[in-house]
Amino acid sequence: MDKYQETAKQSGARIVNSCGFDSIPSDLGVYFTQKQAEERFGETCDVIHMRVKAAKGGLSGGTIASMATIFEEVGEDKSRRKQVANPYLLNDDKDAPNVRQENISKPKYDSEHKRWLAPFVMASINTRIVHRTNQLLGYEYGRQFKYDEAMWMKDGVKGQLSSYAMSAGLFGFATAMMIKPSRELLSKHVLPKSGSGPSKEEQENGYFDIRLFGQTTGNQTINTKVTGDKDPGYGSTSRMLAQAALCLAQDISKDDVAGGFWTPAAAMGDTLLSRLEEHAGLRFEVVDA
(Lines give C-alpha, C1' and ligand atoms only; values in the text may rest on other atoms or scores of the structure.)
Protein backbone atom coordinates (compact mmCIF):
# COMPACT_ATOMS: atom_id res chain seq x y z
CA MET A 1 0.00 0.00 0.00
CA ASP A 2 2.82 2.40 0.84
CA LYS A 3 4.46 1.67 -2.50
CA TYR A 4 1.50 1.57 -4.87
CA GLN A 5 -1.32 3.68 -3.39
CA GLU A 6 -0.65 6.74 -5.57
CA THR A 7 -0.15 4.64 -8.69
CA ALA A 8 -3.46 2.86 -8.05
CA LYS A 9 -5.26 6.17 -7.59
CA GLN A 10 -3.86 7.51 -10.86
CA SER A 11 -4.54 4.36 -12.88
CA GLY A 12 -7.97 3.71 -11.38
CA ALA A 13 -6.99 0.25 -10.12
CA ARG A 14 -9.20 -0.69 -7.17
CA ILE A 15 -7.37 -3.07 -4.83
CA VAL A 16 -9.36 -4.66 -2.02
CA ASN A 17 -7.33 -6.64 0.51
CA SER A 18 -8.46 -9.40 2.84
CA CYS A 19 -11.57 -10.71 1.05
CA GLY A 20 -11.64 -14.18 2.65
CA PHE A 21 -12.17 -15.45 6.17
CA ASP A 22 -9.54 -12.83 6.87
CA SER A 23 -11.11 -10.34 7.10
CA ILE A 24 -14.69 -10.32 5.78
CA PRO A 25 -16.46 -11.76 8.87
CA SER A 26 -14.67 -9.20 11.07
CA ASP A 27 -14.86 -6.24 8.71
CA LEU A 28 -18.42 -6.71 7.48
CA GLY A 29 -19.47 -8.01 10.90
CA VAL A 30 -18.47 -4.69 12.48
CA TYR A 31 -20.01 -2.78 9.57
CA PHE A 32 -23.31 -4.67 9.99
CA THR A 33 -23.28 -4.19 13.77
CA GLN A 34 -22.71 -0.45 13.40
CA LYS A 35 -25.49 -0.08 10.83
CA GLN A 36 -27.90 -1.94 13.11
CA ALA A 37 -26.88 0.16 16.13
CA GLU A 38 -27.37 3.39 14.20
CA GLU A 39 -30.77 2.24 12.96
CA ARG A 40 -31.94 1.20 16.44
CA PHE A 41 -30.29 3.78 18.69
CA GLY A 42 -29.39 6.68 16.44
CA GLU A 43 -25.68 6.25 17.20
CA THR A 44 -22.86 3.83 16.45
CA CYS A 45 -20.97 1.67 18.92
CA ASP A 46 -17.80 3.13 20.36
CA VAL A 47 -16.71 -0.35 21.53
CA ILE A 48 -17.13 -3.73 19.81
CA HIS A 49 -15.72 -7.04 21.05
CA MET A 50 -15.50 -9.85 18.51
CA ARG A 51 -15.44 -13.44 19.79
CA VAL A 52 -14.91 -16.61 17.80
CA LYS A 53 -17.54 -18.88 19.37
CA ALA A 54 -16.87 -21.90 17.15
CA ALA A 55 -14.94 -22.81 14.02
CA LYS A 56 -14.20 -26.08 12.29
CA GLY A 57 -11.89 -26.49 9.32
CA GLY A 58 -8.46 -27.44 8.10
CA LEU A 59 -5.28 -25.40 8.08
CA SER A 60 -3.18 -25.21 4.93
CA GLY A 61 0.54 -25.19 4.42
CA GLY A 62 0.21 -21.89 2.58
CA THR A 63 -1.43 -20.23 5.58
CA ILE A 64 1.33 -21.53 7.84
CA ALA A 65 3.97 -20.27 5.39
CA SER A 66 2.37 -16.81 5.33
CA MET A 67 2.39 -16.65 9.12
CA ALA A 68 5.97 -17.89 9.23
CA THR A 69 7.03 -15.12 6.83
CA ILE A 70 5.49 -12.46 9.07
CA PHE A 71 7.21 -13.81 12.18
CA GLU A 72 10.50 -14.16 10.27
CA GLU A 73 10.44 -10.51 9.22
CA VAL A 74 9.47 -9.39 12.72
CA GLY A 75 12.33 -11.42 14.17
CA GLU A 76 14.91 -9.97 11.77
CA ASP A 77 13.76 -6.34 11.59
CA LYS A 78 13.02 -4.36 14.76
CA SER A 79 11.15 -1.69 12.80
CA ARG A 80 8.70 -4.39 11.71
CA ARG A 81 7.93 -5.15 15.37
CA LYS A 82 6.88 -1.54 15.91
CA GLN A 83 4.70 -1.69 12.81
CA VAL A 84 3.01 -4.95 13.83
CA ALA A 85 2.24 -3.53 17.29
CA ASN A 86 0.47 -0.48 15.82
CA PRO A 87 -3.34 -1.00 15.71
CA TYR A 88 -3.59 1.82 13.17
CA LEU A 89 -0.92 0.43 10.87
CA LEU A 90 -3.17 0.72 7.79
CA ASN A 91 -4.57 4.16 8.61
CA ASP A 92 -2.67 6.43 6.25
CA ASP A 93 -4.38 9.72 7.04
CA LYS A 94 -2.26 12.43 8.58
CA ASP A 95 -4.32 12.58 11.75
CA ALA A 96 -4.91 8.91 12.55
CA PRO A 97 -6.43 8.15 15.98
CA ASN A 98 -4.19 7.18 18.85
CA VAL A 99 -6.65 5.38 21.12
CA ARG A 100 -5.24 2.57 23.24
CA GLN A 101 -6.68 -0.70 21.91
CA GLU A 102 -7.00 -3.87 23.94
CA ASN A 103 -4.82 -6.71 22.65
CA ILE A 104 -5.83 -10.07 24.09
CA SER A 105 -2.50 -11.88 23.92
CA LYS A 106 -2.86 -14.07 27.00
CA PRO A 107 -5.61 -15.93 28.90
CA LYS A 108 -8.35 -13.75 30.29
CA TYR A 109 -11.68 -14.47 31.97
CA ASP A 110 -14.82 -12.86 30.52
CA SER A 111 -17.02 -12.49 33.60
CA GLU A 112 -19.93 -11.03 31.61
CA HIS A 113 -20.32 -14.11 29.43
CA LYS A 114 -18.73 -16.57 31.88
CA ARG A 115 -16.11 -17.86 29.46
CA TRP A 116 -12.35 -17.92 29.22
CA LEU A 117 -10.74 -16.01 26.37
CA ALA A 118 -7.70 -16.99 24.34
CA PRO A 119 -5.82 -15.04 21.65
CA PHE A 120 -7.22 -15.30 18.12
CA VAL A 121 -4.41 -15.94 15.67
CA MET A 122 -5.72 -13.53 12.99
CA ALA A 123 -6.67 -10.67 15.31
CA SER A 124 -3.55 -8.68 14.42
CA ILE A 125 -4.68 -8.65 10.77
CA ASN A 126 -8.45 -8.27 11.18
CA THR A 127 -8.32 -5.40 13.67
CA ARG A 128 -6.12 -3.34 11.36
CA ILE A 129 -8.56 -3.87 8.47
CA VAL A 130 -11.48 -2.76 10.66
CA HIS A 131 -9.68 0.42 11.72
CA ARG A 132 -8.81 1.21 8.08
CA THR A 133 -12.46 0.77 7.14
CA ASN A 134 -13.35 3.30 9.82
CA GLN A 135 -10.93 5.78 8.26
CA LEU A 136 -12.17 5.17 4.69
CA LEU A 137 -15.76 5.68 5.85
CA GLY A 138 -14.84 9.09 7.27
CA TYR A 139 -14.67 7.70 10.83
CA GLU A 140 -18.36 6.79 10.90
CA TYR A 141 -17.56 4.53 13.88
CA GLY A 142 -16.04 7.50 15.70
CA ARG A 143 -12.44 8.48 16.30
CA GLN A 144 -12.54 6.91 19.79
CA PHE A 145 -13.72 3.54 18.44
CA LYS A 146 -12.26 0.48 20.20
CA TYR A 147 -12.22 -3.03 18.76
CA ASP A 148 -10.67 -6.32 19.86
CA GLU A 149 -10.86 -10.01 18.95
CA ALA A 150 -10.45 -13.24 20.92
CA MET A 151 -11.50 -16.87 20.95
CA TRP A 152 -14.18 -18.07 23.34
CA MET A 153 -13.35 -21.06 25.50
CA LYS A 154 -15.61 -22.84 27.97
CA ASP A 155 -16.11 -21.83 31.58
CA GLY A 156 -14.43 -23.61 34.49
CA VAL A 157 -11.14 -25.46 34.72
CA LYS A 158 -11.44 -27.03 31.27
CA GLY A 159 -11.89 -23.64 29.64
CA GLN A 160 -9.04 -22.16 31.64
CA LEU A 161 -6.68 -24.97 30.63
CA SER A 162 -7.71 -24.61 26.97
CA SER A 163 -7.09 -20.87 27.12
CA TYR A 164 -3.63 -21.30 28.60
CA ALA A 165 -2.78 -24.07 26.13
CA MET A 166 -3.87 -21.96 23.15
CA SER A 167 -1.93 -18.94 24.40
CA ALA A 168 1.22 -20.99 25.05
CA GLY A 169 0.96 -22.67 21.66
CA LEU A 170 0.68 -19.40 19.76
CA PHE A 171 3.49 -17.80 21.75
CA GLY A 172 5.71 -20.84 21.20
CA PHE A 173 5.01 -20.92 17.46
CA ALA A 174 5.70 -17.20 17.06
CA THR A 175 8.94 -17.45 19.04
CA ALA A 176 10.12 -20.50 17.08
CA MET A 177 9.37 -18.82 13.76
CA MET A 178 11.43 -15.76 14.69
CA ILE A 179 14.57 -17.88 15.25
CA LYS A 180 16.17 -19.23 12.07
CA PRO A 181 17.28 -22.72 13.25
CA SER A 182 13.93 -23.59 14.85
CA ARG A 183 12.06 -22.07 11.91
CA GLU A 184 13.94 -24.23 9.41
CA LEU A 185 13.52 -27.33 11.57
CA LEU A 186 9.76 -26.89 11.91
CA SER A 187 9.29 -25.97 8.25
CA LYS A 188 11.16 -29.03 7.00
CA HIS A 189 9.96 -31.70 9.40
CA VAL A 190 6.82 -30.63 11.29
CA LEU A 191 4.61 -28.06 9.56
CA PRO A 192 2.40 -28.85 6.53
CA LYS A 193 3.92 -27.90 3.18
CA SER A 194 2.61 -25.16 0.90
CA GLY A 195 0.04 -26.60 -1.46
CA SER A 196 -1.46 -28.91 1.13
CA GLY A 197 -4.86 -28.23 2.69
CA PRO A 198 -8.12 -29.68 3.97
CA SER A 199 -9.90 -32.38 1.97
CA LYS A 200 -13.15 -31.74 0.12
CA GLU A 201 -15.02 -33.52 2.92
CA GLU A 202 -13.36 -31.31 5.56
CA GLN A 203 -14.25 -28.21 3.56
CA GLU A 204 -17.90 -29.27 3.22
CA ASN A 205 -18.27 -30.18 6.90
CA GLY A 206 -16.61 -27.04 8.27
CA TYR A 207 -18.30 -23.93 9.64
CA PHE A 208 -17.74 -20.82 11.76
CA ASP A 209 -19.77 -18.85 14.29
CA ILE A 210 -18.55 -15.38 15.26
CA ARG A 211 -20.22 -13.10 17.81
CA LEU A 212 -19.91 -9.33 18.10
CA PHE A 213 -20.86 -7.36 21.21
CA GLY A 214 -21.31 -3.63 20.74
CA GLN A 215 -21.93 -0.77 23.13
CA THR A 216 -22.76 2.83 22.25
CA THR A 217 -21.67 5.97 24.09
CA GLY A 218 -25.19 6.05 25.55
CA ASN A 219 -24.64 2.56 27.00
CA GLN A 220 -27.06 0.89 24.60
CA THR A 221 -25.93 -2.64 23.68
CA ILE A 222 -26.33 -4.74 20.56
CA ASN A 223 -25.21 -8.31 19.86
CA THR A 224 -24.78 -9.78 16.40
CA LYS A 225 -23.41 -12.93 14.85
CA VAL A 226 -21.76 -13.88 11.57
CA THR A 227 -21.92 -17.52 10.52
CA GLY A 228 -20.60 -19.53 7.57
CA ASP A 229 -21.61 -23.02 6.50
CA LYS A 230 -18.27 -24.27 5.16
CA ASP A 231 -14.64 -24.60 6.26
CA PRO A 232 -13.48 -21.02 7.01
CA GLY A 233 -10.16 -21.15 5.18
CA TYR A 234 -11.26 -22.83 1.97
CA GLY A 235 -14.97 -23.65 1.64
CA SER A 236 -16.12 -20.20 2.77
CA THR A 237 -13.09 -18.19 1.70
CA SER A 238 -13.32 -19.34 -1.94
CA ARG A 239 -16.93 -18.15 -2.15
CA MET A 240 -16.20 -14.89 -0.34
CA LEU A 241 -13.38 -14.16 -2.77
CA ALA A 242 -15.58 -14.94 -5.78
CA GLN A 243 -18.48 -12.79 -4.58
CA ALA A 244 -16.17 -9.91 -3.64
CA ALA A 245 -14.62 -9.98 -7.13
CA LEU A 246 -18.02 -10.12 -8.85
CA CYS A 247 -19.36 -7.37 -6.61
CA LEU A 248 -16.47 -5.03 -7.36
CA ALA A 249 -16.59 -5.75 -11.09
CA GLN A 250 -20.34 -5.75 -11.65
CA ASP A 251 -22.00 -3.75 -8.89
CA ILE A 252 -19.62 -1.02 -7.72
CA SER A 253 -19.20 1.97 -10.01
CA LYS A 254 -15.77 3.51 -10.43
CA ASP A 255 -17.48 6.84 -9.82
CA ASP A 256 -18.40 5.64 -6.32
CA VAL A 257 -15.18 3.76 -5.53
CA ALA A 258 -12.11 5.19 -7.22
CA GLY A 259 -8.64 3.72 -7.62
CA GLY A 260 -6.61 2.91 -4.53
CA PHE A 261 -6.38 0.40 -1.69
CA TRP A 262 -9.69 -0.44 -0.04
CA THR A 263 -11.23 -2.79 2.50
CA PRO A 264 -14.26 -5.01 1.80
CA ALA A 265 -16.69 -2.99 3.95
CA ALA A 266 -15.48 0.43 2.77
CA ALA A 267 -15.55 -0.48 -0.92
CA MET A 268 -18.64 -2.70 -1.13
CA GLY A 269 -20.60 -2.49 2.15
CA ASP A 270 -24.28 -3.44 1.93
CA THR A 271 -23.98 -4.69 -1.65
CA LEU A 272 -21.34 -7.28 -0.76
CA LEU A 273 -23.18 -8.21 2.42
CA SER A 274 -26.29 -9.07 0.37
CA ARG A 275 -24.24 -11.07 -2.12
CA LEU A 276 -22.57 -13.08 0.64
CA GLU A 277 -25.90 -13.98 2.21
CA GLU A 278 -27.43 -14.93 -1.15
CA HIS A 279 -24.52 -16.83 -2.70
CA ALA A 280 -21.78 -17.59 -0.16
CA GLY A 281 -23.57 -19.26 2.76
CA LEU A 282 -22.90 -16.41 5.22
CA ARG A 283 -25.50 -14.97 7.60
CA PHE A 284 -25.43 -11.65 9.44
CA GLU A 285 -27.96 -11.47 12.27
CA VAL A 286 -28.86 -9.52 15.38
CA VAL A 287 -29.11 -11.90 18.37
CA ASP A 288 -30.00 -11.71 22.06
CA ALA A 289 -26.58 -12.97 23.25
Side-chain angles (χ1 to χ4, degrees), residues 18 21-34 37 45-57 59 63 67 70-71 74 84-89 99-131 134 141 144-177 206-216 219-228 232-233 236 284-289:
S18 302
F21 183 63
D22 309 305
S23 302
I24 276 180
S26 299
D27 192 30
L28 280 178
V30 170
Y31 175 86
F32 174 77
T33 304
Q34 296 286 32
C45 300
D46 60 345
V47 178
I48 292 181
H49 307 292
M50 181 278 239
R51 302 294 180 249
V52 181
K53 182 180 180 181
K56 179 184 178 184
L59 195 62
T63 299
M67 293 167 60
I70 293 172
F71 291 129
V74 169
V84 169
N86 178 13
Y88 299 106
L89 175 64
V99 178
R100 184 178 181 84
Q101 301 287 330
E102 183 171 13
N103 177 29
I104 300 171
S105 59
K106 57 185 179 181
K108 178 181 178 180
Y109 188 68
D110 180 355
S111 56
E112 181 180 353
H113 299 104
K114 294 181 170 55
R115 286 177 178 264
W116 280 90
L117 302 179
F120 179 43
V121 66
M122 296 311 298
S124 60
I125 304 296
N126 297 335
T127 54
R128 277 57 172 171
I129 294 291
V130 168
H131 285 301
N134 191 22
Y141 307 165
Q144 300 300 310
F145 175 64
K146 293 183 179 181
Y147 177 67
D148 62 76
E149 298 189 346
M151 293 189 69
W152 255 2
M153 300 298 176
K154 294 181 179 179
D155 196 8
V157 175
K158 186 174 182 180
Q160 184 178 17
L161 290 174
S162 297
S163 181
Y164 274 87
M166 176 70 75
S167 302
L170 289 174
F171 178 78
F173 175 74
T175 302
M177 288 295 101
Y207 59 86
F208 63 85
D209 183 341
I210 286 172
R211 304 300 171 104
L212 297 104
F213 302 94
Q215 182 174 333
T216 70
N219 291 324
Q220 300 275 12
T221 60
I222 185 168
N223 305 325
T224 63
K225 72 175 180 178
V226 183
T227 56
S236 282
F284 297 80
E285 306 170 63
V286 177
V287 294
D288 292 332

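Residue numbers start at 1 and run along the sequence shown.
- Take E102 and apply the salt bridge (charged side-chain N to carboxylate O under 4.0 Å, His left out) test, not counting sequence neighbours, and it matches K108.
- Considering only residues two or more places apart in sequence or on other chains, D155 meets the side chain to side chain donor-acceptor pair (under 3.5 Å) condition with Y109.
- The two residues K146 and V99 make their nearest non-hydrogen contact at CE-CG1, 3.6 Å.
- V84 places none of its side-chain heavy atoms less than 4.5 Å from the side chain of L89.
- Under 4.0 Å is where a charged nitrogen must lie from a carboxylate oxygen, and between D148 and R51 at least one such pair does.
- Partners of Y88 by side chain to side chain donor-acceptor pair (under 3.5 Å), not counting sequence neighbours, listed by chain and number: Q101.
- Going from atom CD1 of I24 over to atom CD1 of I129 covers 10.5 Å, rounded to the nearest 0.5 Å.
- In this view, S236 satisfies the side chain to side chain donor-acceptor pair (under 3.5 Å) rule with no residue, not counting sequence neighbours.
- With sequence neighbours excluded, the residues satisfying ring-ring contact (aromatic ring centres under 6.0 Å, His included) with F208 are F21.
- A heavy-atom distance below 4.5 Å is not found between the side chains of I104 and M151.
- With sequence neighbours excluded, the residues satisfying ring-ring contact (aromatic ring centres under 6.0 Å, His included) with Y141 are F145.
- Listed here is the closest heavy atom pair of S18 and I125: OG-CG2, 4.5 Å.
- Here OG1 of T227 is found 9.5 Å from CD1 of I210. Values are rounded to the nearest 0.5 Å.
- For T216, the side chain to side chain donor-acceptor pair (under 3.5 Å) criterion is met by E43, not counting sequence neighbours.
- Applying the side chain to side chain donor-acceptor pair (under 3.5 Å) test to pairs two or more places apart or on separate chains, those with a residue in residues 119-129 are S23-N126, S26-N126, N126-E149.
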side-chain contact (heavy atoms from CB on, under 4.5 Å) evaluation trace for F213 with H113:
CA-CA 11 Å; F213 302 94; H113 299 104; 3.3 Å; yes

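- Of all the heavy atoms in D46 and Q215, the pair that sits closest is OD1-O, 2.7 Å.
- With sequence neighbours left out, K53 forms a side chain to side chain contact (heavy atoms under 4.5 Å, CB included) with R115, W152, D209, R211.
- Judged as a side chain to side chain contact (heavy atoms under 4.5 Å, CB included), and not counting sequence neighbours, the contacts of F32 are Q36, T224, L273, F284, V286.
- Between L212 and V226 the shortest side-chain heavy-atom distance falls below 4.5 Å.
- Residues Q34 and I48 are in side-chain contact: their nearest non-hydrogen atoms beyond the backbone lie under 4.5 Å apart.
- The side-chain heavy atoms of V30 and Y147, taken from C-beta on, include a pair separated by under 4.5 Å.
- Judged purely by distance below 3.5 Å, without hydrogens or angles, the side chains of N134 and H131 never pair a donor atom with an acceptor atom.
- Partners of F71 according to the ring-ring contact (aromatic ring centres under 6.0 Å, His included) rule, which considers only residues two or more places apart in sequence or in another chain, are F173.
- Contact record, C45 with A37: SG-CB, 3.8 Å, taken as the closest heavy-atom pair.
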In residues 158-167, what donor-acceptor pairs under 3.5 Å come from side-chain atoms, sequence neighbours left out?
residue: S162; atom: OG; partner: K158; partner atom: O; Å: 3.0
residue: S163; atom: OG; partner: L117; partner atom: O; Å: 2.5
residue: S167; atom: OG; partner: S163; partner atom: O; Å: 2.8

